[in-house]
Amino acid sequence: MLWSKIQDTYAKAMESGAAKGIITSEAVEAEGSLGVEVVVRIAEALEDKPTKPERAESGQVVNPFLPYDEALWVQHLSNTHTLLLNKYNLVEHHTIVVTREFQSQDEPLTSADLTATRAVIDAMPYGGLAYFNHGPDSGKSQAHKHVQVVPLPLSREVDSPVPLQDVLDETLQGEPLGTACEMLKLPYRAYACRVDPKFSPEDLEVAYHELMRLAGVDHDPGQDLKPSYGWLLTRSWMMIVPRSAAEYQGIGANAISYAGTIFIKRPELQHILRNEGPLQVLAKMAYPW
Ligand code: AMP
């Protein structure tokens, strides 16, 4: 079973040091304006985690996913995709779906990407959260196509699968499956739709393209100018947040942050979240309505 393979590989990789847990503590920051709580995780080892692809002595960019570290390999998911553990895990059992041959992270997701991703979401006991950072301002660090999947719930600190679940539920209540909606309660442009666990990969692809169109981030494969956005998927919803910057005052964000978990490298950075409000900080790296 895929979930037990993920658990076994994770236990061995953590023991051997091939994978590293990087969260040192967790706190909850209330977002008064919406009555939700955002989880703040302090990950001091984020300082050591590369934010750009590493280079070999020859100067050539190292692709960590081709070849991948065998100690992080879980199993092949299809002829086109394989599953790895994230070397620097933000949560236990943090996985990465990668293409077996090089494809660019700046190309849109395909139904083959969605098929492989959904298999991992479905294998996790309470379902998984998948996220994809696309484009130069999305917070991505690797050029080889990859979608990350983490088990839900995202945090023990909040009583829902993801901290922003209530905002999603309010936005999507009563909406037909696959219909893209604006999440107008948020202080930045974000779009979501309901999905069904029974959706085929093609249904997911249609929903993804509809969200991209509404968010204004759709583009033709191969097009030079790459829009930046974060994409998220669970068994019941899909979300897109167009991104304007990867970092604000030393706080970086990528797609997972827009589910309501913000990772900071140093405890001192927490005062920025407290002074400005966590969602306002996320808004600085996205676009206003
Ligand atoms: P992103 O930063 O969104 O491009 O995601 C790339 C992910 O790859 C990061 O979360 C890294 O922690 C992870 N990563 C970096 N090097 C490796 C590696 N050698 N094997 C597996 N995962 C890695």
Side-chain angles (χ1 to χ4, degrees), residues 80-81 96-99 103-121 128-149 162 164 167-168 171-172 175-246 253-260 282-283 285-289:
T80 50
H81 289 75
I96 313 190
V97 176
V98 303
T99 55
Q103 287 183 32
S104 166
Q105 181 74 355
D106 287 342
E107 294 303 338
L109 295 169
T110 61
S111 68
D113 296 322
L114 294 165
T115 304
T117 300
R118 237 258 304 266
V120 183
I121 291 176
L129 167 74
Y131 63 101
F132 173 62
N133 300 311
H134 177 282
D137 294 320
S138 64
K140 66 155 193 185
S141 59
Q142 301 298 335
H144 183 127
K145 203 178 212 187
H146 58 283
V147 176
Q148 304 186 52
V149 189
V162 301
L164 294 187
V167 186
L168 278 150
T171 306
L172 297 179
E175 292 293 337
L177 287 168
T179 299
C181 302
E182 296 173 329
M183 299 182 69
L184 291 167
K185 286 209 143 187
L186 293 172
Y188 48 82
R189 283 170 47 203
Y191 306 83
C193 69
R194 285 177 58 218
V195 301
D196 189 277
K198 293 197 208 82
F199 264 22
S200 67
E202 289 72 28
D203 293 333
L204 287 175
E205 202 181 6
V206 168
Y208 166 54
H209 281 269
E210 193 175 327
L211 278 179
M212 281 201 290
R213 258 192 305 279
L214 189 63
V217 294
D218 48 342
H219 66 105
D220 295 326
Q223 178 184 307
D224 278 349
L225 192 65
K226 308 295 184 192
S228 296
Y229 62 88
W231 171 91
L232 302 96
L233 176 70
T234 67
R235 287 207 271 224
S236 53
W237 51 263
M238 188 187 290
M239 192 202 296
I240 281 186
V241 181
R243 296 293 307 283
S244 60
N254 73 28
I256 195 175
S257 315
Y258 290 85
L282 291 177
M285 296 175 270
Y287 289 97
W289 287 106

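In this chain, numbering begins with 1 at the start of the sequence shown.
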Q | Side-chain touch R243/M285, heavy atoms, less than 4.5 angstrom | A | yes
Q: For the residue pair Y229 and F132, categorise the inter-ring angle as parallel (less than 30°), tilted (30 to 60°) or perpendicular (more than 60°).
A: perpendicular
Q: Considering non-hydrogen atoms only, spot the tightest contact between L114 and P201 and give its length.
A: CD1-O, 4.0 Å
Q | From CZ (F199) to CZ (R118), nearest 0.5 Å | A | 9.5 Å
Q: Identify the heavy atoms of L282 and A253 that sit nearest to each other, and give their distance.
A: CD2-CB, 4.2 Å
Q) How close do I121 and A130 get, heavy atom to heavy atom, and via which atoms? A) CD1-CB, 3.8 Å
Q.
What verdict does the side-chain contact (heavy atoms from CB on, under 4.5 Å) test give for L204 and M238, after you've listed the backbone C-alpha separation in whole Å, the side-chain angles of each residue and the deciding distance to 0.1 Å?
A. CA-CA 9 Å; L204 287 175; M238 188 187 290; 4.0 Å; yes
Q. Quick one: does W231's side chain get under 4.5 Å of L211's, heavy atoms only?
A. no
Q: May I ask you to check whether W237 and Y191 place their ring centers less than 6.0 Å from one another?
A: no
(Q) When you measure from the side chain of K145 to the backbone of P108, do you find a donor-acceptor pair of N or O atoms at a distance under 3.5 Å? (A) yes
Q. Under 3.5 Å, side chain of H134 to main-chain N/O of S228, donor-acceptor pair present?
A. no
**Q.** Sole residue of V195, D196, D203 in side-chain contact (heavy atoms from CB on, under 4.5 Å) with L177
**A.** D196
Q: Would you name the heavy atoms of S111 and E205 that are closest together and state the gap between them?
A: CB-OE1, 3.4 Å
Q.
For D106 and K140: C-alpha separation, side-chain torsions, deciding distance, then whether side-chain contact (heavy atoms from CB on, under 4.5 Å) applies.
A. CA-CA 10 Å; D106 287 342; K140 66 155 193 185; 3.2 Å; yes
Q) Rounded to the nearest 0.5 Å, what separation is found between the CG atom of L172 and the OG1 atom of T179? A) 10.0 Å
Q. What is the distance from atom OG1 of T171 to atom CE of M239, rounded to the nearest 0.5 Å?
A. 8.5 Å
Q: Side-chain contact test, heavy atoms from C-beta onward, threshold under 4.5 Å: evaluate it for E175 versus C193 and give yes or no.
A: no
Q: Using atom types as modelled and distance alone, determine if a side-chain donor or acceptor of Q105 lies under 3.5 Å from a backbone N or O of N133.
A: yes
Q) Does the side chain of L164 reach to within under 4.5 Å of the side chain of Y258, using non-hydrogen atoms? A) no
Q) Between H144 and T99, is a side-chain contact (heavy atoms from CB on, under 4.5 Å) present by the stated rule, with each step listed? A) CA-CA 8 Å; H144 183 127; T99 55; 3.0 Å; yes
(Q) Quick one: does any side-chain atom of R189 pair with a main-chain N or O of A215 as donor and acceptor, under 3.5 Å? (A) yes
(Q) Checking side-chain polar atoms at under 3.5 Å, does D113 have a donor or acceptor matched by the opposite partner on H81? (A) yes
Q) Which heavy-atom pair separates A283 from P187 by the least distance, and what is that distance? A) CB-O, 3.5 Å
Q.
So, taking the atom named OH in Y208 and the one named CZ in R213, what distance separates them when rounded to the nearest 0.5 Å?
A. 12.0 Å
Q. Side chains of V162 and L168: does their closest heavy-atom pair fall under 4.5 Å?
A. yes
**Q.** Validation row: I240, M212 side chains within 4.5 angstrom (heavy atoms)
**A.** yes
Q: Would you mind reporting whether E107 and K226 have side-chain heavy atoms less than 4.5 Å apart?
A: yes
